[in-house]
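Here the structure is laid out as structure tokens; the discussion comes afterwards.
Computed from a prediction, not measured in an experiment: that's the story for all the values here.
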Amino acid sequence: MNSQHLNNSINEVSRAIGRTWPLYSFVTSNPLSGYEKSAFGEALEKAGKLLKANILPDVSLFRQAWESGDINNEALIDNLAENGFFESPELCLELFENHSKKEIENEYHQVDLIMAKWLAAFMDEGLAEWQMPGRKKGFYKAWRDLARYDNDFNVSRTSDIPETSAQAIEESLHGFSRDEYSRIFMSHLAALPGWTGYIKHRVEANTSWQQNFPISLQDYLGVRFWICKHLNLQILPLDLKTSGNRRIAEMQLIWLKTWEQTWQKTLVQTLKKSNSSKTKQKKKPDAQLVFCIDTRSELIRRHVEAAGNYETYGYAGFFGIAMDYTDLKDGMLRKSCPPIVESAYKVSEIPQKNRETDALQLQKKNQVSGFQDYFLTRMKNMLPSAFGYVEGTGVLYGVSMLARTLTPGFLYRKSSGRRFQQESLCETDMIKNSTNRGLQMISLEEKAGIVRSAFNLMGWKEFAPLVVFAGHGSHTANNAFGSSLDCGACAASPGRNNARMIAKLANLKEVRELLAAEYNILIPGNTVFVGAEHNTTTDEIELFDAQVPESHFEQLENLKKNLRRARETATRDRLRTKDKGVQLSDIKANNWSETRPEWGLAKNAGFIIGPRELTKNSNLDSRCFLHSYNWESDKEGTALEGIMQGPMVVTQWINNHYYFSSVDNEVFGGDSKITHNITGRFGVVKGNGGDLKMGLPLQSLNKTDTEMYHQPLRLSVLIQAPEKRISDILLRNENLKQLLDNEWIYLLVMDPTEENRVKRYSRNMDWQPVIEKAEVNAAKSTISEMELVN
Amino acid sequence: MKEKTASDPLMDPDNYAELKSRPGYSGSVFGARIFSIFLWTLFVGNLFILLISMNDLPDWSNGIFLFNGFSLLIWLTVSFFSAVTSSYALNYLHGFTGHSRFNWLSLGFTASVMLLVVSDHIIPFLLSWLLMGVFMAGLIGVNSKWGEARQAAGYAQRIFLAGSVLLALGILLPAFKLNMFTVTGLIAATEELPYYIAFTSAVCIITAAIIQSAIYPFHRWLLSAMTAPTPASALMHAGFVNGSGIILAIFSTMIIASDTLNILFIIGGLTAVISQFTKLLQVNVKQKLACSTIAQMGFMIMQCGLGFFNAAVVHLILHGFYKAYLFLSAGEEVKYSSPSAPLIIRIKPVQAVMVSIFSIAGAFLFALVTGKGMTLDSGIFLTLIVAITVGQATYNIVKQRILSNTQKLYIPVLIFVMGIGIYALIYNGVTYLMAGMPMVNVPLSLSWIQIGFGIIFLAGFFMMKLGAYRNVSWLYVKLMNASQPYKKSVLMYKSRSL
Ligand SMILES: [Zn+2]
């Protein structure tokens, strides 16, 4: 086997392993994305066997859903019978119970332990002051140079170990047949899926750490095989017995489907009900606010709309600007658009007019605080200052500990003035993300195009005097998973800088002129665009209004006042409290002992693409992504196609991530936060060490260790548009059709040309009604009864 | 107190109804609140007693129990740490199935420490030492459904048991010889013991002490204890590992009579240096903190070895604050960064002069306010540490470009005056509270061993400064392996669906 061939076959096999993202940019992606070309059920079986993981909800989740009626009992019995299962639901649950996971001893304990030790040391991103020697040479060579000092195994001379990882692999595979190779590769990559997933991430993203200290799956396998051989461990795993019982798995899949169908019916009924109570005559809104499609926006939009005469929209939270962003604070470049999109622009901060000195001052302050961090680390690390340092500062640590424990809310409010200094002194500035320096300017057409496509996709009609683009970010303390709560459309960064950027573009006079002249988008002269951030932990909406003209001050003040009111009602609603919502949310944002500062995207189950009128009158309980779309103004279907190619795929990633993290929190998730141990500044391990954790922690999914909060359901996408238009789009986009055919997501269409009847897509363009006629009538009658009561 | 607690939603009774309506509320939250309120009350009560008895320290004993300034000091300390961790755990462990087990174990642990420092009779004394270990091991394995946690707990328990047996030997031996069964009686009568008994007893007590403090070669249990939830770790590093400081302070006369101070000094010193280097290569936050704790405990044992048992007690309290804080905030270490080469630092002559002047000034201030290092004795060693620390702080500040020249002048002064001032306050307070104890502040004459370690510390300091250790591969691997957790507490189990 030559090295190219070896490399290819490893890459081929590695598709079975997910990608582990670093916690500082925690992208919620499908850990089984490598299987998306197969049907859901089939993929589950393969992956479950390989990773020894649960791939369908645990029996306790099914029980909770069934007992609460989230799995409709009659439908369940029908569905089971239809597939030839005549067991009662109770009996099913009992059967499932007998097949739940058990703890067994790890036969590869020795080698797993050694690998985890070296991988953690090699891939460290600056936690250790004393780094593994020789990292520049790459993982295999660095390890080889050190191996003879490692008393976990005996090797006296470095020359006893093959010089390259390819040689090591070749030696170890000697005597095995080609067919066995991939089984061997697969099982050893799957032995530590978190770590191998992170190797995959480093290689694919080619991070600066990877450029300096390269590692590859081949290196990993080389080291691992050599150690196995040296410890006399069999590298060909015992035949993977068909773990799990196929019959049980089939039944569980039916349970899952029934659960999903029950939810779909509820959704459709809610929307029908909402639609039937038509909204009153509209007058021109005082302001319009654009939020991310994020499920958390659904709640705040309801409350903003209730607080005044406002219109809200849903749009992917990167606002259509595929950019990387450089923070003034640390100078690091972060991706700020969906991971599936290539970044076309670089955005950075420049001082606002007449604020140059203040901005300089701020920069100086940042440097001083950077020096402080460095200084403290130095003092703690050095001999013997570490001892003197502890004695001199111990009391201060004691006092801070007391303050942080007892007064987190107070401290949070006190620091509010310092939170957005950068945004009030600087503005965003955009250049082309290209290596060719000459082409860094962005043409007017391009700028106008970004603004235009936003209004196009959302089906915008008229402009209010204030239009707010609100990105979102989460404020939490002591939270390794903080970035998992930020915007999924911005690669786990807060979306405020994208919001500021698009507001700035839309405010440009020449952009408006071009939009009016060429695209008939008429933005009135008195319309001002403002960037903002929706803080999802506290539901505060911070407007970045430093450059709003004086003419709009009054309207701005009014809006701010109403947003404060919206915050009060929204937190009350979300935190289920009578009148302390604001106070509680401040505490949650800054409490270092809070493992559930907010729920993120938990409970997500639906994605609604359509105008706000469709959802405006219903409480969707933060379970749906909402994208504004107007089928009437999108005759060609190009806007819809864009939404389906972009946002729909992102929501599928998020949804699948939540699904798998819930069904097996140990393997696909992050396990419980309470024993997390941060490793290498990019990840966590549990307790004393072991495999890197790859998904969301238990506390982001469950109310308690046993009680679920997120329901593991596949995403149901509902689009209001003619069926024909959607079918055409699917025919043009094989990858989207594949996702649907393989049942990774559901698609429902609400056809406005057919009285908004809802149909569900099933394999090969077959459309099935979701609710039978009779049921719709029944639903209608209950609504009219309710109205009577009201 | 009311004012402080009011902003903690879980401490505020008005908020109770809301708490109940939160998702995931269960009865255990109510139970946990009771624990927390009890511990805060305990702390405030101790503080109150301290304040009213400031001029007339308690000194009471009935032959089985006693209560003096030292008991009060430790009660105050341990109730503070327990109260803080219980408040923290209230939120942090919400929904954890072992939450109420955690509460009982923490409470049990707190009670055993409190019992230890009020025990005069050796039976409650030994029993409370044993119980401390039992409860702490329980906390390590509080998640009993997790195989690795059970392994780690079992490992710790075995070591703690060995420690308890050694302590029992070390106390029972002189007790039966002298036919004296109170701790105060024993430590007052050490002079009467034959040397071989005093020596054996001291060695047993020292070993028991360093087991608890995870001093080399007994450090591995601490590096395997991350299966405990974070607040339990905070309690462990602030209240359990430093048990050795307490016990050595109590048995100071035995150590002095048996002439084993140098053993303490050497073991402590070696541990301090090795662990401080080991800490540098840790890639997991909690392991890094554990190595730092081991180094700090090493230093504390050194202070005992110098005859400054009171300084050791001060160190254990201040280190408790420091380490508990770092554990409770251990989730803050995720950071996006790019590789950077270690800085190479050159210092100008003027700056070097400044560093020296400030170091000497710092040392002088320290000597002035703590009374150490004024004469030629072991106190010089501690003063030297202070001087180097001040020097290092100054050094890091003066070479910074972003600071102005005036800032470079006043910031180091501000820092060291404040640091030394606060330290002196605590030091003198603790010394005052420990005044009733025999021989806790006995400077030794300066010895070659001390000078030797002074030189080792300086050498270590320069090695670190120059980064000379970075390319010593064999040392890297040896230290890495020495700091690995107990094998069976990592990746020992897999799960499999049937
Ligand atoms: Zn978003």
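Between the side chain of B:Q276 and the main chain of A:N381, a donor-acceptor pair closer than 3.5 Å is present. Side-chain N or O atoms of B:K478 include one that pairs as donor or acceptor with a backbone N or O of A:Y149 at under 3.5 Å. B:K286 places a side-chain N or O within donor-acceptor distance of the main-chain N or O of A:H676, the cut-off being under 3.5 Å. In terms of modelled atom types and a separation under 3.5 Å, the side chain of B:N471 and the main chain of A:P133 share no donor-acceptor contact. Remark: side-chain polar atoms of A:W130 are not paired, donor with acceptor, to backbone N or O of B:L280 under 3.5 angstrom. Side chain of B:E333 to main chain of A:L127: no donor-acceptor pair is present (N/O by atom type, distance under 3.5 Å, no hydrogens or angles). Judged by distance alone, the side chain of A:K117 and the main-chain N or O of B:M480 form no donor-acceptor pair under 3.5 Å. A:D112 contributes no side-chain N or O that, together with a main-chain N or O of B:L491, makes up a donor-acceptor pair within less than 3.5 Å. Checking side-chain atoms of B:T230 against main-chain N and O of A:I674 turns up a donor-acceptor pair under 3.5 Å.
A donor-acceptor pair shorter than 3.5 Å cannot be found between the side chains of A:R681 and B:Y336. For the residue pair A:N688 and B:E148, no side-chain donor N or O sits within less than 3.5 Å of a side-chain acceptor on the partner.
With a 4.5 Å cut-off on non-hydrogen atoms, B:A330 touches chain A through its backbone but not through its side chain. Contacts of A:L333 with chain B are made by backbone atoms alone, with heavy-atom separations under 4.5 Å and no side-chain atom involved. When heavy atoms are compared at a cutoff of 4.5 Å, A:Y108 does not approach chain B at all. When heavy atoms are compared at a cutoff of 4.5 Å, B:L384 does not approach chain A at all. Contact of A:F387 with chain B is made through backbone and side chain together, with heavy-atom distances under 4.5 Å. Contact of B:V490 with chain A is made through backbone and side chain together, with heavy-atom distances under 4.5 Å. Using a 4.5 Å cut-off between heavy atoms, B:V390 makes no contact with chain A at all. For B:I426, the part lying under 4.5 angstrom from a heavy atom of chain A is the side chain only. For B:A272, the parts lying under 4.5 angstrom from a heavy atom of chain A are both the backbone and the side chain. B:A152 touches chain A through its side chain: at least one heavy atom from C-beta onward sits under 4.5 Å away, while N, CA, C and O do not. A:I248 does not touch chain B: none of its heavy atoms, backbone or side chain, sits under 4.5 Å away. Of the atoms belonging to A:P384, heavy atoms from both backbone and side chain fall under 4.5 Å from chain B. Proximity to chain A (any heavy atom under 4.5 Å) is restricted, for B:K279, to the side chain, taken from C-beta onward. No part of A:M123 comes within reach of chain B, as not one of its non-hydrogen atoms sits under 4.5 angstrom from that chain. Interface residue A:D150: backbone and side-chain heavy atoms are both found under 4.5 Å from chain B. Heavy atoms of B:A324 lying under 4.5 Å from chain A belong to its backbone as well as its side chain. With a threshold of 4.5 angstrom between heavy atoms, B:F80 approaches chain A through side-chain atoms but not through N, CA, C or O. In this structure, no portion of A:N702 lies under 4.5 Å from any heavy atom of chain B. Looking at B:Q296, the atoms closer than 4.5 Å to chain A (heavy atoms on both sides) sit in the backbone and in the side chain alike. Contact of B:P339 with chain A is made through backbone and side chain together, with heavy-atom distances under 4.5 Å. Proximity to chain A (any heavy atom under 4.5 Å) is shown, for B:Q151, by neither the backbone nor the side chain. Heavy atoms of B:Q484 lying under 4.5 Å from chain A belong exclusively to its side chain. With a 4.5 Å cut-off on non-hydrogen atoms, A:L396 touches chain B through its side chain but not through its backbone. With a 4.5 Å cut-off on non-hydrogen atoms, A:T207 does not touch chain B at all.
Residues A:T675 and B:W146 meet the side-chain proximity criterion, which asks for heavy atoms closer than 4.5 Å. Two residues are said to be in side-chain contact when any heavy atoms from C-beta on lie closer than 4.5 Å; A:K380 and B:S292 fail this criterion. The side-chain heavy atoms of A:I104 and B:Y493, taken from C-beta on, include no pair separated by under 4.5 Å.
Counting heavy-atom pairs closer than 4.5 Å to chain B, the top-ranked of the candidates A:A116, A:S208, A:G680, A:G388 is A:S208. Here A:L146 is the residue among A:L146, A:N212, A:L23 with the most heavy-atom pairs under 4.5 Å with chain B. Between chain B and the options A:D330, A:T393, A:V395, A:N478, heavy-atom pairs under 4.5 Å are most frequent for A:N478. Chain B forms the most heavy-atom pairs under 4.5 Å with one residue out of A:E107, A:Q110, A:R596, A:Q699, and that residue is A:R596. Each of A:T595, A:I678, A:D124 has some count of heavy-atom pairs under 4.5 Å with chain B, and the biggest count is that of A:I678. Note on A:K364, A:R334, A:K673: by heavy-atom pairs under 4.5 Å with chain B, the leading option is A:R334.
The two residues B:V283 and A:A128 come nearest to each other via the heavy atoms CG1-CB, 4.0 Å. Here the shortest heavy-atom pairing between A:W209 and B:S337 reads NE1-O, 2.8 Å.
Separating the CD1 atom in B:I402 from the OG atom in A:S369 is a distance of 8.5 Å, to the nearest 0.5 Å. Between B:N396 atom CG and A:M382 atom CE the span is 7.0 Å, to the nearest 0.5 Å. Rounded to the nearest 0.5 angstrom, B:M492 CE and A:N106 CG are separated by 8.0 Å. With rounding to the nearest 0.5 angstrom, the CG atom of A:D705 is 6.5 Å from the CZ atom of B:F96. For the atom pair CG of A:L51 and NZ of B:K494, the computed distance is 9.0 Å after rounding to the nearest 0.5 Å.
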Residue pair A:F682, B:K335: steps toward the side chain to side chain contact (heavy atoms under 4.5 Å, CB included) verdict: CA-CA 7 Å; A:F682 62 84; B:K335 199 176 170 212; over 6 Å; no
Evaluate A:Y397 against B:Y325 for ring pair (Phe, Tyr, Trp, His ring centres under 6.0 Å), listing each step before the verdict. CA-CA 6 Å; A:Y397 280 93; B:Y325 182 94; 5.3 Å; yes
Please lay out, stage by stage, how A:R404 and B:S329 fare under the test side chain to side chain contact (heavy atoms under 4.5 Å, CB included). CA-CA 10 Å; A:R404 287 188 75 171; B:S329 60; 4.1 Å; yes
Please report the C-alpha distance between A:W592 and B:Y92 in whole Å, then the side-chain angles of each, then the deciding distance to 0.1 Å, and finally whether the ring pair (Phe, Tyr, Trp, His ring centres under 6.0 Å) criterion is met. CA-CA 9 Å; A:W592 67 347; B:Y92 195 75; 9.9 Å; no
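For A:E666 and B:K145, the salt-bridge test fails: no basic side-chain N is under 4.0 Å from an acidic carboxylate O. Under 4.0 Å is where a charged nitrogen must lie from a carboxylate oxygen, and between A:D152 and B:K487 at least one such pair does.
No option in B:F299, B:F366, B:Y427 other than B:F299 meets the side-chain contact (heavy atoms from CB on, under 4.5 Å) test with A:E391.
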